[in-house]
Asks: 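Take a look at this one; I'll ask things after.
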Amino acid sequence: MHRLGSLLSHKPLLKPRTPLYSLILSSTFSYSPNSTEIFYDHLLKSCKGSSSLKQIHSALTTAGLITTSPHLSAQIIIKYAKCGDLNMARLLFDNINVCYDEPTSFLCNTMIRAYANVGQCFETIKLYSFMRKTGTFVNNYTYPFVFKACALNLLVREGKVVHGDALKNGFGSDLYVEAGLIDMYAKCGLFVDCRKLFDEMSTKDLVCWTAMITAYEQAEKPVEALILFKMMQQEEGLLADSIAVVSVASAVGQLGDVRNAQTVHGYAFRKSLIEELCVGNSILAMHTKCGNTEKARLVFDMMMERDVISWNSMLSGYTQNGQATEALLLFDEMRDSDCQPTPVTALIMVSACAYLGFLHLGRKFHDYIVDSRMEIDTNLANALVDMYAKCGDLEKAVDLFYGIPPTKRNASSWNALISGYGMHGYGKEALELFSRMQEEGVEPNHITFTSILSACSHAGLIDEGRKCFADMKRLSVTLEVKHHACVVDMLGRAGLLQEAFDLIKEMPSPPSDGAWGALLLACKIHGNMELGKTAASNLLQLEPNHTGYYVLMSNIYAASNKWKEVGKLRQDMKNKGLKKPAAFSMIEYGKDILGFHTADQENPYRHEVYRKMESLAIEMKLAGYLPDISCALHDVEEEDKEHMLNYHSEKLALAFGILKIDHGMVIRITKNLRVCNDCHSAFKIISHIYQRKIIVRDANRFHHFQGGTCSCKDYW
DNA sequence: ATAGGGTTAG
């Protein structure tokens, strides 16, 4: 930074020439190549690869053209720069400059461009300074390169100095220079300077508008971006080109605005812009961010060509919209395509496995990453830590975390590990890690606090959770609604229903469905029908079509034998066309993942599994287990309820595990819905009777059953 | 003979 600053403050040895002088220069020396030059020019233009370039280079040297033809020397420098051989380009540049009395602007611009394009700001600025020292005319071609280099390296100070030079030399109202400046100020985060410059421009072209729109979009101010886009169309009558569409699509995606998405899509279609790869990609990503994977897939299927960004966008679109299975299927297609997966692809697929809880598949992707020698950067390593934790293999998650070099661990790395410990019920460990994270100088963020609060809730660490919440207020961390919801959940599960309700009433912003939902769940666990009604009526205003809340409330009524109320809720659901999501449990068996529905009639193992379940029921009773029939929803005889409980999907999966999985092995089960009270008690007893370790994942929490107890100490 | 604005992951 300092070295660059001193470079710029150098007084030029020669007075820089004025624009007028350059005009004279360019008209006097207007260039026309001879036939030899045209021949070599052609050769250079058609040359591909560095070996043929070297051949042409030596031919040019032999012919003595390198030092006598400014055109050809510039062309070969451009070519070397494009091949990434900046050193050779520079060597040529220096040699040529020795041969001429003064370097030419064109050659310097060419060299500056080469440096700017790869972000070598130090060399860019050195060369700019060299031009000024030697009195080489700095022109409207030079500035955009310098600004680009400054933008890429966030060198605001240097950029401002060059900005001043541009103004002094009369290039302040060159559209190319101004667009470069807008972009530079935006990328450096100086939005005020950026907007001021933009507003003060007498004429603005499409590029300047797009640069300003992109500035807002990148700063996650999509509303402002769209306002500006409307102004551009209405006040200036400018029509968006493909780059403008890409930027606007991104803003619409941030808003998740379905209607605008349709408008942008329609525009891109009518103007045939959607046929361009990058436009197609951005429209695709826009739809997935609006939650519309079907539309996105339609765009994807219609694309004439696809690059890795198209594939990655579609894959992540599925994963983020809860269609991880679709992502897995699409990945198979990708492997048959001519697109090679990148570390970003791997990251998406690892998150898909995390979402599904497919440990076996997650391991396979991990192997795949290692086998294909993909670079595992911090992001990918974090995703792997998260995946192993969410798939139930906490030890492996911990291993991988410590494999990340301490200097490379960021907040997300710590968050993945902390939430991992929290999910598995290790609240004390999560809190310890939280302290260590801060000791090592990593700033906790809102996700860290969510993980910590939820860890306290899962482990029943009420006092610690309260303390943490108080600390957050003290540390002036921005308390979000979701943090309150975590505390409501913690208090509620612990049976402190009134305190939880008070917290909801005290919330600074209107309670989210998450907060009321946590309270409703607590009411179900602790059988509080009155408060449950309050929670449910608030919830049904916020989320009238959320099936889960209807089910919870009807569970509460059912537990108190209020069958009329249960019937009413059922009728409401029917009228709205809502269906209770089917309970579904999966168990890992060797390399397979086997699924069980409630009272499964199609499972190939159902006969032996049902037999085993019947004998398990007897064994459990002998060990003192009492069925918790409040978990059976149906308005039927007690005995039948008991019977029905035995066919909950997770119990069937467990019976299968006891039958088929070798005794020393952990039984891993994943359920899409929360495990019910009765299954929870049953699993504890079975873990004791059969001396098995059982790990169950439900709704993002783990239960480790062993020796008759559960890691969650019944705070679940 | 050289130029400015852009898409995926977290």
Side-chain angles (χ1 to χ4, degrees), chain A residues 26 29-33 37 41 44-45 69-75 77-78 81 104-114 116-117 139-148 151 171 174-184 186-187 204-215 217-218 240-251 253 276-286 288-289 306-317 319-320 339 342-352 377-383 386 410-413 415-416 445 447:
Chain A
S26 62
F29 296 106
S30 76
Y31 176 74
S32 60
E37 284 179 308
D41 183 65
L44 269 171
K45 278 194 179 124
S69 164
H71 170 70
L72 285 178
S73 39
Q75 287 307 313
I77 288 174
I78 293 172
T104 69
S105 296
F106 174 60
L107 222 50
C108 288
N109 287 346
T110 303
M111 200 58 230
I112 282 200
R113 179 175 79 151
N117 279 342
N139 60 16
N140 50 329
Y141 286 93
T142 321
Y143 291 111
F145 297 135
V146 181
F147 295 142
K148 186 179 183 182
F171 288 108
D174 181 285
L175 281 174
Y176 286 85
V177 173
E178 287 176 301
L181 278 167
I182 292 174
D183 186 53
M184 180 189 75
K187 290 212 166 76
K204 309 177 183 80
D205 68 355
L206 181 61
V207 176
C208 296
W209 279 95
T210 313
M212 195 66 229
I213 292 167
T214 306
E217 179 263 311
Q218 292 284 313
D241 65 356
S242 52
I243 296 180
V245 167
V246 166
S247 191
V248 167
S250 183
E276 284 175 53
L277 181 59
C278 50
V279 176
N281 282 348
S282 65
I283 301 276
L284 191 168
M286 173 183 72
T288 65
K289 283 179 188 154
R306 300 184 190 112
D307 63 1
V308 73
I309 293 183
S310 329
W311 286 96
N312 286 352
S313 300
M314 197 63 237
L315 291 169
S316 79
T319 307
Q320 287 181 345
C339 248
T342 62
V344 173
T345 320
L347 178 99
I348 298 164
M349 297 321 294
V350 168
S351 331
D377 65 357
T378 304
N379 290 332
L380 186 50
N382 293 349
D386 188 57
N410 58 24
S412 302
S413 322
N415 290 349
N445 59 24
I447 298 171

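Each chain gets a letter, A, B and so on, in the order the sequences are listed, and its residues count up from 1.
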Asks: May I ask you to say what A:Ser247 touches in the nucleic acid, namely base, sugar-phosphate or nothing, with a heavy-atom cut-off under 4.0 Å?
Replies: nothing

Asks: If you only use heavy atoms from C-beta on, which nucleotide in B:dT2, B:dA9, B:dT7 is closest to the side chain of A:Asn109?
Replies: B:dT2

Asks: So A:Asn139 and A:Phe171, do their side chains get closer than 4.5 Å, heavy atoms only?
Replies: yes

Asks: Which nucleotide sits closest to the side chain of A:Val207: B:dT2, B:dG5, B:dA3?
Replies: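 It is B:dG5.
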
Asks: Is it the case that the side chains of A:Ser412 and A:Asn415 hold a donor-acceptor pair, with the cut-off being a distance below 3.5 Å and no angle test?
Replies: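 There is no such pair between these side chains.
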
Asks: Is A:Ile283 touching bases, backbone alone, or none of the nucleic acid, heavy atoms closer than 4.0 Å?
Replies: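 Nothing: the residue A:Ile283, judged by heavy atoms under 4.0 Å, touches no strand.
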
Asks: Expressed in angstrom and rounded to an integer, what is the separation of A:Met212 atom CE from B:dG4 atom C1'?
Replies: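 After rounding, the reported distance stands at 15 Å.
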
Asks: Measure from CG on A:Asp41 to P on B:dT2 and round the result to the nearest Å.
Replies: 10 Å

Asks: Hey, is the side chain of A:Asp174 pairing donor to acceptor with the base of B:dG4 inside 3.5 Å?
Replies: no

Asks: Using side-chain heavy atoms (C-beta onward) and a distance below 4.5 Å, is A:Ile309 in contact with A:Ser313?
Replies: yes

Asks: Give A:Thr214 one of three labels, base, sugar-phosphate or nothing, depending on what nucleic acid heavy atoms sit under 4.0 Å from its own.
Replies: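 Here A:Thr214 touches the backbone only, sparing every base.
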
Asks: Using whole Å, what does the distance between atom C1' of nucleotide B:dG4 and atom CZ of A:Phe171 come to?
Replies: 15 Å

Asks: Would you check if there is a donor-acceptor pair between the side chains of A:Thr319 and A:Ser351 at a distance under 3.5 Å?
Replies: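 The criterion, which ignores hydrogens and geometry beyond distance, is not satisfied for A:Thr319 and A:Ser351.
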
Asks: What's A:Asn140 touching, base or sugar-phosphate or nothing? Going by heavy atoms closer than 4.0 Å.
Replies: base

Asks: What contact category does A:Tyr143 fall into here, base, sugar-phosphate, or nothing, at under 4.0 angstrom with non-hydrogen atoms?
Replies: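 If one applies the 4.0 Å heavy-atom cut-off, A:Tyr143 turns out to touch nothing in the nucleic acid.
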
Asks: Which nucleotide in the list B:dG4, B:dT8, B:dT7 gets nearest to the side chain of A:Glu217?
Replies: B:dT7

Asks: How many whole angstroms separate atom CG of A:Leu181 from atom P of B:dG5?
Replies: 12 Å

Asks: What nucleotide, of B:dG5, B:dA3, B:dA9, holds the atom closest to the side chain of A:Ile243?
Replies: B:dG5

Asks: Quick one: the side chain of A:Asn410 and the base of B:dG10, do they pair up donor-acceptor inside 3.5 Å?
Replies: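 Answer no: no donor N or O sits under 3.5 Å from an acceptor.
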
Asks: Hydrogens and angles aside, do A:Asn382 and A:Asn410 bring a side-chain donor and acceptor to less than 3.5 Å of each other?
Replies: yes

Asks: What is the distance from CG of A:Leu44 to C1' of B:dT2, rounded to the nearest Å?
Replies: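 These atoms are roughly 16 Å apart.
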
Asks: When all nucleic acid strands are considered with a 4.0 Å heavy-atom cut-off, which category describes A:Lys187: base, sugar-phosphate, or nothing?
Replies: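 If one applies the 4.0 Å heavy-atom cut-off, A:Lys187 turns out to touch the sugar-phosphate alone, with no base involved.
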
Asks: Starting the side chain at C-beta, find the nucleotide from B:dT8, B:dA3, B:dG4 nearest to A:Arg113.
Replies: B:dA3

Asks: Base, sugar-phosphate alone, or nothing: which one does A:Gln320 contact when heavy atoms must sit under 4.0 Å apart?
Replies: sugar-phosphate

Asks: Of the nucleotides B:dT2, B:dT7, B:dA9, which one has an atom closest to the side chain of A:Val246?
Replies: B:dT7

Asks: Taking the side chain of A:Tyr141 as its heavy atoms from C-beta onward, which of B:dG4, B:dT7, B:dA3 lies nearest to it?
Replies: B:dA3

Asks: Strictly below 4.0 Å: does A:Gln75 bring a side-chain N or O up to OP1 or OP2 of B:dT2?
Replies: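 No, no such contact exists.
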
Asks: Provide, to the nearest angstrom, the distance between the CG atom belonging to A:Asp205 and the C1' atom belonging to B:dA3.
Replies: 12 Å

Asks: Could you give the CG-to-C1' distance, from A:Asp183 to B:dA3, as a whole number of Å?
Replies: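 Atom CG in A:Asp183 sits about 13 Å away from atom C1' in B:dA3.
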
Asks: Is there a side-chain contact between A:Cys208 and A:Leu175 in this structure, where contact means two heavy atoms from C-beta onward sitting under 4.5 Å apart?
Replies: yes

Asks: Of the nucleotides B:dA3, B:dG5, B:dT8, which has the atom closest to the A:Ala211 side chain?
Replies: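 Closest nucleotide among those given: B:dG5.
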
Asks: Under 4.0 Å: is that the gap between some side-chain N or O of A:Ser316 and OP1 or OP2 of B:dA9?
Replies: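 For B:dA9, OP1/OP2 do have a side-chain N/O of A:Ser316 under 4.0 Å.
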
Asks: As a test of reading the structure: which of B:dG5, B:dT8, B:dT7 is closest to the side chain of A:Gln218, going by heavy atoms?
Replies: B:dT7

Asks: Which nucleotide, B:dT7, B:dA9, B:dT8, lies nearest any side-chain atom of A:Lys289?
Replies: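 Among the listed nucleotides, the one closest to the side chain of A:Lys289 is B:dT8.
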
Asks: Round to the nearest Å and state the distance from A:Trp209 atom CH2 to B:dG4 atom P.
Replies: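 It is 22 Å, rounded to the nearest whole Å.
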
Asks: Is a donor from one side chain sitting under 3.5 angstrom from an acceptor on the other, for A:Thr345 and A:Thr342?
Replies: yes

